[in-house]
Amino acid sequence: MPIIGSILKKGIKLRETLEQDYTSPYDLQKKELSKLLISARNTQFGRTYDFYSILEKFRSFGHHDFFEKFKELVPVSDYDKMNDDWWYKMREGEADVSWPGKTKFFALSSGTSGASSKYIPVTKDMIRQIRKTGTRHIYTLSKYDLPDKFFQSGMLMLGGSTALNFSGNYYYGDLSGITTGQLPLWVQGFSRPTPKIKKHKDWEIKLEEIVESAPKWNIGMIVGVPAWMTILIERIIERYGVKDIHEIWPNLDSFVHGGVAFDPYKKSFDKLLGRPIHYIETYLASEGFIAFQNSPDKRGMRLMLNGGIFHEFVPFNDKNFDADGQIVENPETLMIDQVEEGQDYALLISTCSGAWRYLIGDTVRFIDKHCSEIIITGRTKHFLSLCGEHLSVDNMNQAVELASKELNIGVKEFTVAGIPDGKLFAHHWYIGTDDQVDKNVLKEKIDTTLKELNDDYEVERQHALKNVELEVLPTEVFYDWLRSQGKEGGQTKFPRVLKGDKLEHWLSFIGKTV
């Protein structure tokens with residue numbers, strides 16, 4: 001039987017996508033925007049913002065004439081603007097609003113930035129692009145040093161329920177629930193859990209049934225958000241009294257994760273394994289499949305430049321964003337060929353789901369412009385700059401990871417809040433770990449690392465940011481709070497920075513439970 005795995009492995013090598021390897025990022029993105037505009041030119045949105053005039057500029061000899069016209073005629077938007085002006089019509093059943101035809105599906109976002117869930121349109125064209133990008137990602141497995149047995153094993157996808165809710169005009173639910181079953185049939189054939197388990201809306205029941213079935217499955221790859229995958233594997237290990245998950249799934253060789261930086265989770269996750277596996281990062285948002293790690297020797301993820309999305313990049317600075325992370329009315333935006341490595345950018349996307357110049361809320365940094373490789377550095381509203389410290393989520397992740405390594409503890413969750421401290425300011429950290437640790441030592445190590453990583457932070461720690469507080473909490477407190485917010489499982493992530501109502505809810509919750 002190992003020969004079957006070998007044949008599959010060689011077949012995947014032959015079918016890898018080559019277009020993005022041998023076409024310039026600029027040309028790929030110019031073509032992608034042209035296709036999007038042509039498709040949507042007769043929609044309500046396309047007529048309102050004169051897509052025909054923009055398309056005329058594609059015949060110009062000016063390198064960025066079409067892009068300048070696009071920026072001139074089409075406004076930058078966020079969820080509230082797109083929803084209030086356009087997407088509500090799609091949910092009411094109108095056709096040809098911001099994308100041709102009617103929209104049957106809407107993905108509920110995890111809502112880490114706002115107070116309530118968002119309904120993101122998911123068109124047939126977007127589902128097709130997600131399927132295509134997912135297939136491309138699977139093809140890249142040939143670059144990893146994987147045994148033949150891996151290619152004969154199954155894949156466990158821990159996502160939302162496939163039993164979607166119906167409003168009367170459209171279906172809605174987690175994006176993973178919408179797209180499950182959209183991958184090629186040869187992938188679906190070894191996908192787990194079973195269709196019956198995938199339908200469960202009760203997260204606890206779903207986890208329990210997966211635990212019950214775990215020994216029956218031959219799993220080589222697991223896919224999901226790190227926090228919930230950690231919980232699942234811990235339960236399997238506890239249920240069957242084994243040392244590690246490899247005693248249940250000996251062929252497990254890769255974990256495809258996304259939605260949140262994996263570094264803070266890695267030490268805890270490593271303890272669940274009998275041997276090292278490959279960790280592979282993806283960037284699949286409710287708005288589309290944006291990027292994925294395509295090689296084991298790469299730190300970053302490769303942007304999908306021919307996957308139904310046109311990208312714009314807004315330098316993440318005081319010129320383009322206010323102190324609360326709100327984008328200004330006419331920000332500076334750049335195309336893929338205009339970016340620089342090492343600079344943080346907020347991401348605007350125009351998509352085949354009818355999002356146009358849409359602020360997705362993430363910030364990214366190019367680490368290899370030639371290969372269009374990025375890392376996610378945070379959220380436009382998930383950063384701390386009370387007094388000019390400009391602390392990013394990327395800084396926080398690195399500091400927590402280094403501290404956990406030095407102190408040999410597993411930190412599964414954390415969050416930070418900025419609070420007034422007399423006439424000055426303070427940062428209050430909440431660290432989720434089930435290991436014993438001196439909170440003062442942990443605080444000192446995190447603080448010291450942040451000073452080394454961030455010059456602005458180091459300066460402000462001597463002036464307006466005099467105090468740092470840190471509280472250690474059981475990990476379950478973080479997950480209980482998510483449950484109290486109706487945000488359990490699927491693609492749900494704990495916000496790395498708490499502000500406003502979410503901070504008030506959190507403080508009230510831990511005051512009652514801790």
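Quantities reported herein were computed from a predicted structural model and do not represent experimental measurements. Just so you know, these numbers use all the heavy atoms, side chains as well, and skip hydrogens, waters and symmetry mates. Position 1 is the first residue of the sequence, and the numbers go up from there.
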Considering only heavy atoms from C-beta outward, does the side chain of [X] approach that of [Y] to under 4.5 Å?
X      : Y      : result
His257 : Val225 : no
Leu303 : Glu373 : no
Tyr430 : Val472 : no
Ile236 : Leu232 : yes
Trp429 : Met396 : yes

Return the set of residues passing salt bridge (charged side-chain N to carboxylate O under 4.0 Å, His left out) with [X] (not counting sequence neighbours), or none when no residue passes.
X      : result
Asp368 : none
Asp318 : none
Asp447 : Lys451, Arg461
Glu287 : none

Answer yes or no: are there more than 12 heavy-atom neighbours, outside [X] itself, under 6.0 Å from its atom [atom1]?
X      : atom1 : answer
Arg299 : CZ    : no
Lys201 : NZ    : yes
Lys271 : NZ    : yes
Glu341 : CD    : yes

Please identify each residue that fulfils side chain to side chain donor-acceptor pair (under 3.5 Å) with Gln343, with sequence neighbours left out.
->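 Side chain to side chain donor-acceptor pair (under 3.5 Å) list for Gln343, sorted by chain: empty.
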Name all residues meeting the side chain to side chain donor-acceptor pair (under 3.5 Å) criterion together with Asp455; count only those two or more places apart in sequence or in a different chain, and write none if there are none.
->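 In terms of side chain to side chain donor-acceptor pair (under 3.5 Å), with neighbours along the sequence ignored, Asp455 is linked to no residue.
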Stepwise ring-ring contact (aromatic ring centres under 6.0 Å, His included) test for Phe494 and Phe478 | CA-CA 8 Å; Phe494 200 99; Phe478 290 79; 5.0 Å; yes
Atom pair [atom1] ([X]) and [atom2] ([Y]), whose distance is rounded to the nearest 0.5 Å:
X      : Y      : atom1 : atom2 : answer
Glu238 : Ile233 : CD    : CD1   : 14.0 Å
Phe316 : Thr363 : CZ    : OG1   : 6.0 Å
Ile360 : His311 : CD1   : NE2   : 9.0 Å

Worked verdict on Lys443 versus Asp438 for salt bridge (Lys or Arg N to Asp or Glu O under 4.0 Å) | CA-CA 9 Å; Lys443 178 181 74 174; Asp438 185 319; over 6 Å; no
Less than 6.0 Å separating the ring centroids of Tyr283 and Phe289?
->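 That pair fails the under 6.0 Å test.
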Ring centre gap for Phe262 and Phe255 strictly below 6.0 Å =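 Yes, the ring centres sit under 6.0 Å apart.
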Check the angle between the aromatic planes of Trp228 and Tyr479 and answer parallel, tilted or perpendicular using the 30° and 60° thresholds.
->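 Taking Tyr479 first and then Trp228, their aromatic rings sit tilted (interplane angle of 30° to 60°).
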Applying the side-chain contact (heavy atoms from CB on, under 4.5 Å) test to Ile446, which of Val468, Val411, Ile431 qualifies?
->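 Of Val468, Val411, Ile431, side-chain contact (heavy atoms from CB on, under 4.5 Å) with Ile446 is met by Ile431 alone.
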Test item: [X] side-chain N/O and [Y] main-chain N/O as donor-acceptor pair under 3.5 Å:
X      : Y      : answer
Asp244 : Glu247 : yes
Ser404 : Gly410 : no
Asn395 : Asn454 : no
Thr415 : Arg496 : yes
Lys369 : Val339 : yes

Would Arg302 count as a cation-pi partner of Phe292, with NZ or CZ less than 6.0 Å from the six-membered ring centre and within 45° of the ring normal?
->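 Judged by the rule, Arg302 and Phe292 form no cation-pi pair.
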Trace of the salt bridge (Lys or Arg N to Asp or Glu O under 4.0 Å) decision for Lys466 with Asp421 | CA-CA 8 Å; Lys466 288 288 188 181; Asp421 187 24; over 6 Å; no
Working for salt bridge (Lys or Arg N to Asp or Glu O under 4.0 Å), residues Asp394 and Arg365 = CA-CA 10 Å; Asp394 186 49; Arg365 182 183 306 153; 3.4 Å; yes
Dump the intermediate steps for side chain to side chain donor-acceptor pair (under 3.5 Å) on Thr448 and Glu444, then the final yes or no.
-> CA-CA 6 Å; Thr448 299; Glu444 181 63 30; 3.3 Å; yes
